[in-house]
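Structure first, commentary second.
Just so you know, these numbers come straight off a predicted model, no measurement behind them. We name chains A, B, ... by the order of the sequence lines, and we start the count at 1 in each one.
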Amino acid sequence: MMENERPMVKITNVHKVFNGKLHVLCGINLEVNKGETVVILGASGSGKSTLLRCINFLEEPTAGTIEVDGIVINAGEDDRTRHNHILDIRKKTGMCFQSFNLFPHMTVLENIIEGPTTVLGQKKKQAVVYAEELLDWVGLTDKRDEHPSRLSGGQQQRVAIARSLAMKPKVMLFDEPTSALDPELVGEVVDVMERLAKEGMTIIAVTHEMHFARDVADRVLIMDGGVWIEEGTPEKIFNNPDHERTRQFLAHIL
Amino acid sequence: MTAKTMQTQATGIPPEAERVLKQIETKQAMYRRKMTIAFAFLIVFMITALIVLGLDFKFMLKWLPFVLAGSGYTFLVAFLAISLACILAVVGALGRLSKNPVFNSIATSYVSLIRGTPLLVQVYMWYLALPQIGKALEGYGIPGIQRILTLPAVPAGILALGVCYGAYMTETVRAGIQSIKIGQTEAAKALGMNATQTMKRVIFPQALRVIIPPVSNEFIAMIKDSSLVSLMGVWELSYRAIKVGRRHFQSLEMLIMVAFIYWIMCIVLQFCQEKIEKRMARGDRRIS
């Protein structure tokens, strides 16, 4: 297919400077193909979360180009269509946060149908049908009418994934989705992410979950000081890394 | 409710632990009993004080309907003023948080000016000074403006109170909006919501829960400040009570009576506030 030839996400020469001096991203390039699962590793403060947040413009890149499913936005370009393009990119990308960020005043079901009804203008009935499918898929059908505060961290993150998927995104961004979880709850979230990858979702994940990086990812990238220092298949990165920094970093987290 | 959950958990708990649980339960019951007794004492004390003072209850009863007839104005003024204040507060808070320099500066000056001047001066400003402004404007060639700006007492009072409380509540609403964590905004944005949808669907409903107690505070204060419209000769509650008290030289009776009427109104409001807060608390682990 033609679609397959074009990368789903294309990041070209992206820079991000905070407060006029803190240079967090220094000319990042990244292409992610449809259906690919990419894991970004790196020490804290290396800029990996910032990069992820630049993809859906939660952070404005200072320079460079972001392309998601054919929508291209150049940093610093300010025309009338830009705002709509950003909203379009956000509709095509789902994002899961470290702190879940479910809406506490809504039930689980209301959280999931919020995007489709408010943003896409779907009828509530139609949105509920799909939301229930998603709840079943993440294994939380019985929590349908609970408020998020009643759920465990792992359950909350699974609801957050369902909420993102309700928008039928083309790309899923995971920003350290398991870092705030108790160790015994990590598995249930990683399991959902793994099934998502197997069903062909395009995934970009920042995570320290080594099982996911080693066994699920198609490609692993290591970031340090705002640049890529290494890229390759999980086997290569974990067994035979080229770079000394990679070796040090992996020794720390494994 | 706590006692019940404890009991269900108590099955299979060793006897010495059960004794501790029992102790906690009796302690709570004791506390509740003591509270009731203390309140009862206070009420009895108050009633005795009223009797000892030798109040003329017949006189009070005779004038009660006349004074109560003024409560209509009190309610009308307070209700319309608080409605106006709520609208101004939301618009003002959005202005204070806005990145639009015009909108932001107007909202900031509004809050600063109104909070920085006495309500009494503002009331007279709306009632007595506005017609003069109208006259000046008419001099610049806007026909009929003076008549429009010459407000009757009640609308002037409603505007004065509404605009004044709107300024205070602007800050309450702004603080409420800012108390919602940035993650909520980010989650809404990540779903593709625009700024209006984010505010309406995600931020404001959560902020509302935070601002209900302080806004109820304002509402209760407003009920009492509505007596300021008596300055413009409106025959509301306190005006009537003071008038009658002075004429018959029985101010104590009338003042105590009107104080009680205000108190009862505020107790009703407080009750409503608690109901609303309970409703809003859905999904909050600390309460449910």
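- Heavy-atom distances place both the backbone and the side chain of A:Phe103 under 4.5 Å from chain B.
- Of all heavy-atom pairs between A:Asp175 and A:Ser49, the closest is OD1-OG, 2.7 Å.
- For A:Thr118, the parts lying under 4.5 angstrom from a heavy atom of chain B are both the backbone and the side chain.
- With A:His147 as the partner, the side-chain contact (heavy atoms from CB on, under 4.5 Å) test is satisfied by one option alone out of A:Asn111, A:Val108, A:Thr107, A:Leu102: A:Thr107.
- With 3.5 Å as the limit, one finds a donor-acceptor pair spanning the side chains of A:Ser99 and A:Asn101.
- Looking only at heavy-atom pairs under 4.5 Å with chain A, the residue among B:Met193, B:Gln184, B:Lys181 that has the most is B:Gln184.
- Proximity to chain B involves both the backbone and the side chain of A:Arg163, based on heavy atoms less than 4.5 angstrom apart.
- Inspection of the B:Ser227 and B:Glu236 side chains reveals no N or O donor paired with an N or O acceptor under 3.5 Å.
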